Amino acid sequence: MALTGRTALLAALGSIPVGILAPSWAGMLAVNAPLCFAILCDYALAAPVRTLQFTRSGDTSVRLGDAADVQLTVTNRSHRPLRAQLRDAWPPSSWLPGTEQASSRHRLTVPAGERRRLTTSLRPTRRGDRRAERVTVRSYGPLGLAARQGNHEVPWAVRVLPPFTSRKHLPSRLTRLRELDGRTSVLTRGEGTEFDSLREYVPGDDTRSIDWRATARQSAVAVRTWRPERDRHILIVLDTGRTSAGRVGDIPRLDASMDAALLLTALASRAGDRVDLLAYDRRLRAQVQGRSAGDVLPAVVNALAPLEPELVETDARGLASTALARAPRRSLIVLLTSLDAAPIEEGLLPVLPQLAQRHTVLLASVSDPHIARMATTRGTIEGVYEAAAATQTQSQRSRTADQLRRHGVTVVDASPDTLAPALADAYLTLKAAGRL
């Protein structure tokens with residue numbers, strides 16, 4: 001076009017979309033016609049954004065605390081080379097604080113008709129599904145004076161799984177399980193144990209396990225060894241009501257309960273037991289049912305990943321009826337819930353006889369270690385009041401636990417760091433006693 005005056009120049013520039021010009025040049029447009037002509041040419045030579053094609057690949061799941069890499073392939077279908085800045089936008093919780101800009105922004109050059117692959121590294125800080133929002137591209141001309149900009153929707157989702165920090169306790173519990181399972185002979189017998197084999201008596205063995213008939217047929221004293229029964233049914237019930245939203249230390253109670261559920265699932269499936277899971281507050285939030293031993297742990301991890309606490313009071317009657325429907329024959333029902341007096345006395349205790357009559361019930365709850373520290377506070381008036389409040393809270397929890405035990409419930413009350421191994425130990429104790 002011919003640049004005959006300031007008016008004609010501004011009219012020509014009016015066709016350029018707002019925001020494509022570098023801010024440092026905006027004040028010079030009306031007074032420097034050759035520069036404006038160069039900007040127009042630079043804009044015209046920038047590769048178009050709308051014709052770009054995008055595809056994704058890479059990780060679809062990651063454990064909380066680990067990194068996930070998502071690849072974005074950019075294909076330039078135009079006849080002009082692409083010189084661009086690109087922003088791959090994800091939710092803020094997809095990165096550690098302060099690392100979003102470095103991880104999501106890329107510079108690239110793609111010759112005409114070619115493609116390039118970029119990698120966006122995510123390090124999520126929360127569980128659940130993280131979905132890509134949009135890809136924003138700013139395509140510059142060869143002089144870098146003007147640019148075209150546009151957005152593209154390129155869907156992708158990464159599921160952030162629970163971290164399963166308690167898996168470090170699994171080897172020691174598997175060793176104890178092998179002892180119970182007869183690989184290392186045991187002589188204790190419970191109601192639910194099966195005869196395993198005979199072996200020669202050694203000093204220290206329980207004399208009640210001597211098999212006198214077998215001893216009469218051979219020259220050495222023979223004793224029976226037993227192993228716990230396999231194929232027991234374990235139903236893990238996760239309370240996702242308002243009490244699970246309370247934070248203990250740096251994590252919600254729900255997350256600590258999830259970690260305990262994962263360790264128990266891994267241990268029980270190795271023991272040959274069948275594990276089902278349901279999460280409930282006023283309705284069913286998640287369930288895993290009928291999975292094989294090799295599939296149950298991944299299924300439970302995947303089901304727990306998107307769960308969040310609901311700020312509603314848990315319907316104890318609905319929870320009990322749902323659990324009974326999922327456990328038609330005798331099972332071990334593991335309730336991961338609060339041990340606070342009000343929810344237990346008003347909600348769980350009235351329906352507990354229905355569960356305890358037909359099943360073995362184990363209740364596990366997260367305690368706050370800060371309460372224990374407060375109970376030892378002394379030296380100031382504030383400290384004395386804190387100690388009195390903490391002692392009262394501990395007494396209430398102890399009374400509530402005693403009420404549950406009188407109904408035949410096994411109670412595990414432990415801090416977030418020790419809840420998972422304590423629950424696994426309680427399961428092994430019940431299994432050794434033949435109470436499953």
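Please read these numbers as outputs of a predicted model, since none were measured by experiment. One-based numbering along the sequence shown.
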S.K.: Assess whether a salt bridge exists between R399 and D402, defined as any Lys/Arg side-chain N lying under 4.0 Å from an Asp/Glu carboxylate O.
M.R.: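 Judged by the 4.0 Å cut-off on N to carboxylate O distance, R399 and D402 do not form a salt bridge.
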S.K.: Taking all non-hydrogen atoms of both residues, which atom of R148 and which atom of A47 are closest, and how far apart?
M.R.: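 Minimum heavy-atom contact is CD-O, 3.6 Å.
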S.K.: Is any side-chain heavy atom of T120 less than 4.5 Å from a side-chain heavy atom of W90?
M.R.: yes
S.K.: About how many Å separate CZ of R329 and NE2 of H233, when rounded to the nearest 0.5 Å?
M.R.: 8.0 Å
S.K.: Check this for me: R358, atom CZ, are more than 12 non-hydrogen atoms of other residues, nucleotides or ligands nearer than 6.0 Å?
M.R.: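 Atom CZ in R358 is packed in, count exceeds 12.
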S.K.: How long is the gap from CG on L40 to CG on L145, to the nearest 0.5 Å?
M.R.: 10.5 Å
S.K.: Before you tell me yes or no, could you show the steps for D259 and S166 under side chain to side chain donor-acceptor pair (under 3.5 Å), namely the whole-Å CA-CA distance, both residues' side-chain angles and the distance that decides it to 0.1 Å?
M.R.: CA-CA 6 Å; D259 198 46; S166 63; 3.3 Å; yes
S.K.: Going by the side chain to side chain contact (heavy atoms under 4.5 Å, CB included) test, name the single residue among D88, L118, T75, V135 that passes it with F54.
M.R.: V135
S.K.: Are the side chains of S103 and L122 in contact, using a 4.5 Å heavy-atom criterion?
M.R.: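 Sidechains of S103 and L122: no contact.
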S.K.: To the nearest 0.5 Å, what is the distance between NE2 (H79) and OG1 (T51)?
M.R.: 9.5 Å
S.K.: With S415 as reference, evaluate T418, D413, D417 under the side-chain hydrogen bond (donor to acceptor under 3.5 Å, both in side chains) test and give the passing residue.
M.R.: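 So, applying the side-chain hydrogen bond (donor to acceptor under 3.5 Å, both in side chains) to S415 and each of T418, D413, D417, only T418 qualifies.
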S.K.: Pair I333, V237 - check side chain to side chain contact (heavy atoms under 4.5 Å, CB included), show working.
M.R.: CA-CA 7 Å; I333 296 182; V237 182; 4.0 Å; yes
S.K.: Hey, which of R282, R242, R285 is the one that makes salt bridge (charged side-chain N to carboxylate O under 4.0 Å, His left out) with E310?
M.R.: R285
S.K.: Is the count of non-hydrogen atoms from other residues, nucleotides or ligands lying under 6.0 Å from R126 atom CZ greater than 12?
M.R.: no
S.K.: I want to check something: taking the side chain as every heavy atom from C-beta on, are P142 and P81 in contact at a cut-off of under 4.5 Å?
M.R.: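 No, every pair of side-chain atoms sits at 4.5 Å or beyond.
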S.K.: If we only count heavy atoms from C-beta on, is the L319 to T337 side-chain gap below 4.5 Å?
M.R.: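 No, too far: nothing below the 4.5 Å cut-off.
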S.K.: Under 3.5 Å, side chain of R127 to main-chain N/O of L304, donor-acceptor pair present?
M.R.: yes
S.K.: Report the distance from atom CG of L143 to atom CZ of R83, rounding to the nearest 0.5 Å.
M.R.: 9.0 Å
S.K.: Any side-chain donor-acceptor pair under 3.5 Å between S338 and R253?
M.R.: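 Absent: no donor and acceptor within the cut-off.
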S.K.: Does CZ in R317 sit with more than 12 non-hydrogen atoms of other residues, nucleotides or ligands closer than 6.0 Å?
M.R.: no
S.K.: Is there a side-chain contact between V288 and T265 in this structure, where contact means two heavy atoms from C-beta onward sitting under 4.5 Å apart?
M.R.: no
S.K.: Please confirm whether the backbone N or O of S331 pairs with a side-chain atom of H359, one donor and one acceptor, at under 3.5 Å?
M.R.: yes
S.K.: Distance-only, no hydrogens or angles: does the R232 side chain make a donor-acceptor pair with backbone N or O of R274 under 3.5 Å?
M.R.: no
S.K.: Testing the basics here: between V62 and P124, what is the closest heavy-atom pair and its distance to 0.1 Å?
M.R.: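 Shortest heavy-atom separation between V62 and P124 comes out as CG1-CG, 4.1 Å.
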S.K.: Closest approach of T314 and G241, non-hydrogen atoms and distance?
M.R.: OG1-CA, 3.3 Å
S.K.: Looking at CG of L307 and OG of S244, how far apart are the two atoms once the value is rounded to the nearest 0.5 Å?
M.R.: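 Rounded to the nearest 0.5 Å, the CG-OG separation comes to 9.0 Å.
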S.K.: Does the N76 side chain pair with the main chain of V110, one donor and one acceptor, at a distance under 3.5 Å?
M.R.: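 Side chain of N76 to backbone of V110, a donor-acceptor pair under 3.5 Å: yes, one is there.
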S.K.: Give the minimum heavy-atom separation between A316 and V351, together with the two atoms involved.
M.R.: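 Heavy atoms of A316 and V351 come nearest at O-CG2, 3.9 Å.
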S.K.: Checking S121 against D69 for the side chain to side chain donor-acceptor pair (under 3.5 Å) test, could you report, in this order, the C-alpha distance in whole Å, the side-chain angles of both residues, the deciding distance, and whether it holds?
M.R.: CA-CA 5 Å; S121 294; D69 290 336; 2.9 Å; yes
S.K.: For L72 and L86: C-alpha separation, side-chain torsions, deciding distance, then whether side chain to side chain contact (heavy atoms under 4.5 Å, CB included) applies.
M.R.: CA-CA 11 Å; L72 179 69; L86 181 146; 3.9 Å; yes
S.K.: Do you know the tightest heavy-atom contact between A245 and L311?
M.R.: CB-CD2, 3.9 Å
S.K.: Ignoring hydrogens and angles, tell me if any N or O in the side chain of H152 forms a donor-acceptor pair with the backbone of V49 under 3.5 Å.
M.R.: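 Indeed, once roles are kept as given, a pair shorter than 3.5 Å links the two residues.
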S.K.: Could you list the residues that satisfy salt bridge (charged side-chain N to carboxylate O under 4.0 Å, His left out) with D239, not counting sequence neighbours?
M.R.: none
S.K.: May I ask you to test the L267-L177 pair for a side-chain heavy-atom distance under 4.5 Å?
M.R.: yes
S.K.: Indicate yes or no: does R397 engage D340 in a salt bridge with an N to O separation below 4.0 Å.
M.R.: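 D340 and R397: salt-bridged.
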S.K.: Would a distance-only check, ignoring hydrogens and angles, find a side-chain to backbone donor-acceptor pair under 3.5 Å from W95 to Q101?
M.R.: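 Checking the backbone N and O of Q101 against the side chain of W95, no donor-acceptor pair under 3.5 Å is found.
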S.K.: Identify the heavy atoms of Q394 and A372 that sit nearest to each other, and give their distance.
M.R.: NE2-CA, 3.6 Å
S.K.: Under a 4.0 Å N-O cut-off, is there an ion pair linking D276 with R326?
M.R.: no
S.K.: Could you tell me the separation between the CZ atom of R247 and the CG atom of D255, rounded to the nearest 0.5 Å?
M.R.: 8.0 Å
S.K.: State which residues pass salt bridge (charged side-chain N to carboxylate O under 4.0 Å, His left out) with E386; sequence neighbours excluded, sorted by chain then number.
M.R.: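 None.
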S.K.: Check E100 with R87, please: is the shortest side-chain N to carboxylate O separation under 4.0 Å?
M.R.: yes
S.K.: For residues Q403 and L349, determine if any side-chain heavy atom of one lies less than 4.5 Å from a side-chain heavy atom of the other.
M.R.: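 Of all side-chain heavy-atom pairs linking L349 with Q403, at least one is under 4.5 Å.
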S.K.: Where do L324 and Q354 land on the side chain to side chain contact (heavy atoms under 4.5 Å, CB included) test, with the steps shown first?
M.R.: CA-CA 8 Å; L324 289 171; Q354 303 176 47; 3.9 Å; yes
S.K.: Looking at side-chain heavy atoms only, is the closest gap between P48 and R80 below 4.5 Å?
M.R.: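 Yes, side chains in contact.
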S.K.: Could you check whether any side-chain N or O of T73 sits under 3.5 Å from a backbone N or O of R117, counting only pairs where one atom can act as donor and the other as acceptor?
M.R.: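 Absent.
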S.K.: Counting only heavy atoms not in E114 (residues, nucleotides, ligands), do more than 12 fall under 6.0 Å from its CD?
M.R.: yes
S.K.: Dump the intermediate steps for side chain to side chain contact (heavy atoms under 4.5 Å, CB included) on L348 and L363, then the final yes or no.
M.R.: CA-CA 11 Å; L348 184 60; L363 185 144; 3.5 Å; yes
S.K.: Is T393 reaching over with its side chain to a backbone N or O of A389, donor-acceptor style, under 3.5 angstrom?
M.R.: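 Here the side-chain-to-backbone pair exists.
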